[in-house]
Engineer: 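Structure provided below as structure tokens; questions to follow.
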Amino acid sequence: MIVPQLVIVPSLGTQEKYLQTKNTISSKSKKKSITVSKHYIRLVENNGSKRRSNKSLATIFFKSLDDFISTYMDLPLRPCIDPMHVLSGNFAPVDELPPTPCHVDEGSLPSALDGVYIRNGPNPQFIPHGPFHVFDGDGMLHSIRISNGEAVFCSRYVKTCKYMAEQKMGYPFIVSPFSSFNGTAAAIARFVLGVARKLAGHFDPMVNGFGTANTSLAMFGGMLFALCESDLPYQVRVTSDADIITVSRHDLYTNDPTLRMTAHPKIDSETGEVFAFRCDIVPPFLTFFRVDTSGRKGPDVPISSLERALVVHDFALSKNFIIFQDTQVGINLMDMMRGKSVMVFKPDKVPRLGILPRYAHDETELVWIDAPGFNMLHSINAWEEEFGKKVVILAPNLLSIEQGLEDTSLYHSVIEKLTIDVETKQVVRRSLCNENLEFGVINPAYAGKKNRYVYAGVAAQLPRVRGVMKLDVSRLTADGGDCTVASRLYGLGWYGGEACFVPREPDNPAAEEDDGFLVTYVHNEENEESWFIVMNAKSPTLDIVARVRLPGRVPYGFHGLFVREADRKLT
């Protein structure tokens, strides 16, 4: 059977040009036309050269059923789940690239950057026949290893169970909660087909895991992990020759393959402890747990006071407390089975913050505090004041969360400082800046402590950002105000993603908080070139001190981190 394969060709420009183009490709598999520029994506038939293999009758049968569902049972694809829309421009996937030396075109790479910058993001190995959401892409790690001022770039897939199973079959078939439930008939059919695959011994998502490991990275227990919240962590390693290998799916020494873990664990830099959570669609809907310094999971702390399945993507950690949120976005299983979006906005729901002692054995000491109008996707930092009577959080507040569920270009978030009185349950909120900002980061040495500086991406179409701004929290007055002290916009046609702060002197306790560098990948949508840039975090204009031309295109992605060379050798 012929399987469609994705072939990437040079792009002419931005998403706006994509929407304006007049070129049309007729799709025989859909009763519609797909508007798409030939300079973005084109489908060709795979004649069997790369992925051809002998398929069993059962495999061919299941593939035929998948095609039937996509062709005749799916509802018309909304833009947010139409692969020809989602995978356009620099959101289009790329192939793996082995370790390749890079050229430093401008400036020089500081000695503080000896190590590896590695960023995670979605990059599907196959073009999907049916609905596809940007969150569905297989995890790909893009790394640049720096040593003695020289750089080597590498891109590798995280070899998840999902990735390996679909590679073996030659097409994508594992159900996604973000896109697969597109109409009642299609939703039921895909669910039944998934059960049939399990009974046939082809794939059991509960045992093998169906996660993409495409969201973030973290280091703990002497290991480096690629993470997403729908699965266990995947241990990865950057080798001495700058290659990236997937070691294994790691169960945190629980022998429980069904365990899941957040993509945003919090690590106490002083104790080495890891604090994490998992969400579920059945009670308890939220469960916290700790991971010790050896990487071994501790007992669960279920939050039974939550009355519905909700979307919790991140949380905050201070010296004594875990701070999380019950937002206006939840999960409705009945709506999902009817083919609607898995995420449901509840306008009448009053958001609230949960304050839980970090070493709690249960939720008896949990304090719920209403926070009307505040919806947190990511947290930036948290600390305590007045001997723990008040908790301070820095986080972006999503102001257009309902519209953003369907179109990420409509996301608008403002970074706020929340001061929470745990005893009186009062919350004081002040905006640091009116600009549309997300992906806020700080000097990692200040995690869980009072920090002064925040570096945030100027949002365009998340996860795509058009620049970075530096905010000074100390400038905030009782009446609010603009805390912006530095900024850099990348320029027309240039976009990037989340920046990462790397201290100039990480082992110097007397170093100033902003004495370091911001590193990130940027992309020129006009000439299809991707770059690694280094910015001076102390500069009023965040001056670029080094630019490295990358040997391959880097699609827009999510979160990353910098691993020092000494730590890389330990993984």
Engineer: Any idea how Phe439 and His378 line up, ring-wise: parallel (<30°), tilted (30 to 60°), or perpendicular (>60°)?
Structural biologist: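 Judged by the thresholds at 30° and 60°, the geometry between Phe439 and His378 is tilted.
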
Engineer: Taking Ser179 for its side chain and Ser176 for its backbone only, find out whether a donor-acceptor pair lies under 3.5 Å.
Structural biologist: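 No: the side chain of Ser179 does not pair with the backbone of Ser176.
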
Engineer: Do Arg464's NZ or CZ and the ring of Tyr495 fall within the cation-pi criteria of under 6.0 Å and 45°?
Structural biologist: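 Geometry flag: set, cation within 6.0 Å and 45°.
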
Engineer: Counting N and O atoms only, with roles assigned by atom type, does the side chain of Asn120 sit under 3.5 Å from a partner on the main chain of Ala213, one being a donor and the other an acceptor?
Structural biologist: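 Yes, the answer is positive, given that a donor and an acceptor are paired below the 3.5 Å cut-off.
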
Engineer: Can you find a pair of side-chain heavy atoms, one from Val465 and one from Tyr556, that are under 4.5 Å apart?
Structural biologist: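 In short, these two side chains do not touch, never coming nearer than 4.5 Å.
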
Engineer: Any donor-acceptor pair under 3.5 Å linking the side chain of Asp231 with the backbone of Gly211?
Structural biologist: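 Looks like yes, one N/O pair under 3.5 Å.
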
Engineer: Is the shortest side-chain heavy-atom distance between Asp314 and Met376 below 4.5 Å?
Structural biologist: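 No, every pair of side-chain atoms sits at 4.5 Å or beyond.
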
Engineer: Answer yes or no: is there a side-chain heavy-atom contact under 4.5 Å between Arg278 and Leu259?
Structural biologist: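 Yes, at least one pair of side-chain atoms sits under 4.5 Å.
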
Engineer: In terms of side-chain geometry, is the basic nitrogen of Lys470 or Asp514 positioned less than 4.0 Å from the acidic oxygen of its partner?
Structural biologist: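 A salt bridge is present here (some side-chain N lies under 4.0 Å from a carboxylate O).
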
Engineer: Can you classify the ring geometry of Phe135 versus His133 as parallel (below 30°), tilted (30 to 60°) or perpendicular (above 60°)?
Structural biologist: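 Phe135 and His133: tilted rings.
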
Engineer: Between His250 and Gln235, is any side-chain donor less than 3.5 angstrom from a side-chain acceptor?
Structural biologist: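 Checked: His250/Gln235 side chains show no N/O donor-acceptor pair below 3.5 Å.
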
Engineer: Would you check if Val414 and Asn436 make a side-chain contact, meaning some heavy-atom pair closer than 4.5 Å?
Structural biologist: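 Of all side-chain heavy-atom pairs linking Asn436 with Val414, none is under 4.5 Å.
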
Engineer: May I ask you to decide if Asn375's main-chain N or O and Gln328's side chain share a donor-acceptor pair within less than 3.5 Å?
Structural biologist: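 Pair absent, no side-chain N/O of Gln328 close to backbone of Asn375.
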
Engineer: Can the positive tip of Arg296 be found less than 6.0 Å from the middle of the six-membered ring of Tyr253, inside 45° of the ring normal?
Structural biologist: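 Yes, Arg296 sits over the ring of Tyr253.
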
Engineer: Going by an N to O cut-off under 4.0 Å, is there a salt bridge joining Asp326 and Arg308?
Structural biologist: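 The answer is yes: the pair qualifies as a salt bridge.
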
Engineer: Closer than 4.0 angstrom, basic N to acidic O: yes or no for Lys319 and Asp268?
Structural biologist: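 No, no charged N to carboxylate O under 4.0 Å.
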
Engineer: Quick test of your reading of the model: are Arg260 and Asp280 salt-bridged, counting only N-O distances below 4.0 Å?
Structural biologist: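 Salt bridge between Arg260 and Asp280, a charged N being under 4.0 Å from a carboxylate O: yes.
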
Engineer: Mind checking the OG-CH2 spacing from Ser318 to Trp383? Nearest 0.5 Å is all I need.
Structural biologist: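 Spacing of OG (Ser318) from CH2 (Trp383) equals 11.0 Å.
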
Engineer: Is there a donor-acceptor pair under 3.5 Å between the side chain of Ser216 and the backbone N or O of Ala263?
Structural biologist: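 Pair found, side chain donor or acceptor close to backbone of Ala263.
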
Engineer: Within 45 degrees of the ring normal and closer than 6.0 Å to the centroid, is that where the cationic atom of Lys159 sits relative to Tyr163?
Structural biologist: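 Checked: cation-pi criterion met.
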
Engineer: Do other residues, nucleotides or ligands put more than 12 heavy atoms under 6.0 Å from Lys346 NZ?
Structural biologist: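 Check fails, neighbour count at 12 or below.
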
Engineer: With a 3.5 Å cut-off and no angle check, do the side chains of Asn381 and Asn451 form a donor-acceptor pair?
Structural biologist: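 On atom types as modelled, these side chains qualify, holding a pair under 3.5 Å.
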
Engineer: Can you measure from CZ (Arg145) to CZ (Phe153) and round to the nearest 0.5 angstrom?
Structural biologist: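 Atom-to-atom, Arg145:CZ and Phe153:CZ are 15.5 Å apart.
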
Engineer: With rounding to the nearest 0.5 Å, note down the distance linking CZ in Phe277 to CG in Leu356.
Structural biologist: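 So the CZ of Phe277 and the CG of Leu356 are separated by 13.0 Å.
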
Engineer: Would you say the side chain of Ile144 lies within less than 4.5 Å of the side chain of Tyr521, judging by non-hydrogen atoms?
Structural biologist: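 Side-chain contact under 4.5 Å: yes.
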
Engineer: Examine distances only and state if a side-chain atom of Asn214 and a backbone atom of Gly137 form a donor-acceptor pair shorter than 3.5 Å.
Structural biologist: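 Confirmed, Asn214 side chain pairs with Gly137 backbone.
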
Engineer: Do the side chains of Arg504 and Pro110 get nearer than 4.5 Å, heavy atoms only?
Structural biologist: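 Answer no - side chains too far apart.
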
Engineer: With no hydrogens and no angle check, just 3.5 Å: does a side-chain donor-acceptor pair link Thr254 and Asp256?
Structural biologist: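 Not at all, the side chains of Thr254 and Asp256 share no donor-acceptor pair under 3.5 Å.
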
Engineer: Here's a test for you: under side chain to side chain contact (heavy atoms under 4.5 Å, CB included), which of Val392, Leu353, Val428 qualifies with Ile420?
Structural biologist: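 For Ile420, the side chain to side chain contact (heavy atoms under 4.5 Å, CB included) check succeeds only for Leu353.
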
Engineer: Can you tell me how far apart SG (Cys433) and CG (Leu476) are? Round to the nearest 0.5 Å.
Structural biologist: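 Cys433 SG to Leu476 CG: 11.0 Å, rounded to 0.5 Å.
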
Engineer: Treating Ser431 as the side-chain partner and Asn434 as the backbone partner, does any N or O pair qualify as donor plus acceptor under 3.5 Å?
Structural biologist: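 Pair absent, no side-chain N/O of Ser431 close to backbone of Asn434.
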
Engineer: Only pairs at least two apart or in different chains count here, so list each salt bridge (Lys or Arg N to Asp or Glu O under 4.0 Å) that has a residue in residues 382-400.
Structural biologist: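 Only Glu386-Lys390 qualify under salt bridge (Lys or Arg N to Asp or Glu O under 4.0 Å).
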
Engineer: Please collect all salt bridge (Lys or Arg N to Asp or Glu O under 4.0 Å) contacts where either partner lies in residues 114-123, sequence neighbours excluded, each pair once.
Structural biologist: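 For residues 114-123: none.
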
Engineer: Can a side-chain donor-acceptor contact be found between Glu229 and Thr215 if the only test is distance below 3.5 angstrom?
Structural biologist: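 No pair is found: no donor N or O on one side chain lies under 3.5 Å from an acceptor on the other.
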
Engineer: If the plane angle is over 60° it's perpendicular, under 30° parallel, otherwise tilted; pick one for Trp531 and Trp494.
Structural biologist: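 Ring orientation, 0 to 90° scale: tilted.
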
Engineer: Looking at Thr287 and Asp300, would you say the former's side chain and the latter's main chain have a donor-acceptor pair under 3.5 Å?
Structural biologist: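 No, the answer is negative, given that no donor and acceptor are paired below the 3.5 Å cut-off.
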
Engineer: Answer yes or no: does atom CD of Glu273 have more than 12 heavy-atom neighbours from other residues, nucleotides or ligands under 6.0 Å?
Structural biologist: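 Counting neighbours around CD of Glu273, more than 12 heavy atoms of other residues, nucleotides or ligands fall under 6.0 Å, so yes.
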
Engineer: Cationic tip of Lys162 within the cone over Phe210's six-membered ring, i.e. under 6.0 Å and within 45° of the normal?
Structural biologist: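 No, Lys162 and Phe210 do not form such a contact.
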
Engineer: Counting the benzene-type ring for Trp, do Phe225 and Tyr234 have ring centres under 6.0 Å apart?
Structural biologist: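 Ring centres of Tyr234 and Phe225 not closer than 6.0 Å.
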
Engineer: Under a 3.5 Å distance rule, please check whether Ser413 uses its side chain to pair with a backbone N or O of Leu398 as donor and acceptor.
Structural biologist: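 Here the side-chain-to-backbone pair does not exist.
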
Engineer: For Tyr453, is there any backbone N or O sitting under 3.5 Å from a side-chain donor or acceptor partner on Glu513?
Structural biologist: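 Checking the backbone N and O of Tyr453 against the side chain of Glu513, a donor-acceptor pair under 3.5 Å is found.
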
Engineer: Establish, from distance only, whether the side-chain atoms of Arg237 and Thr571 form a donor-acceptor pair under 3.5 Å.
Structural biologist: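 Distance-only check fails for Arg237 and Thr571.
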
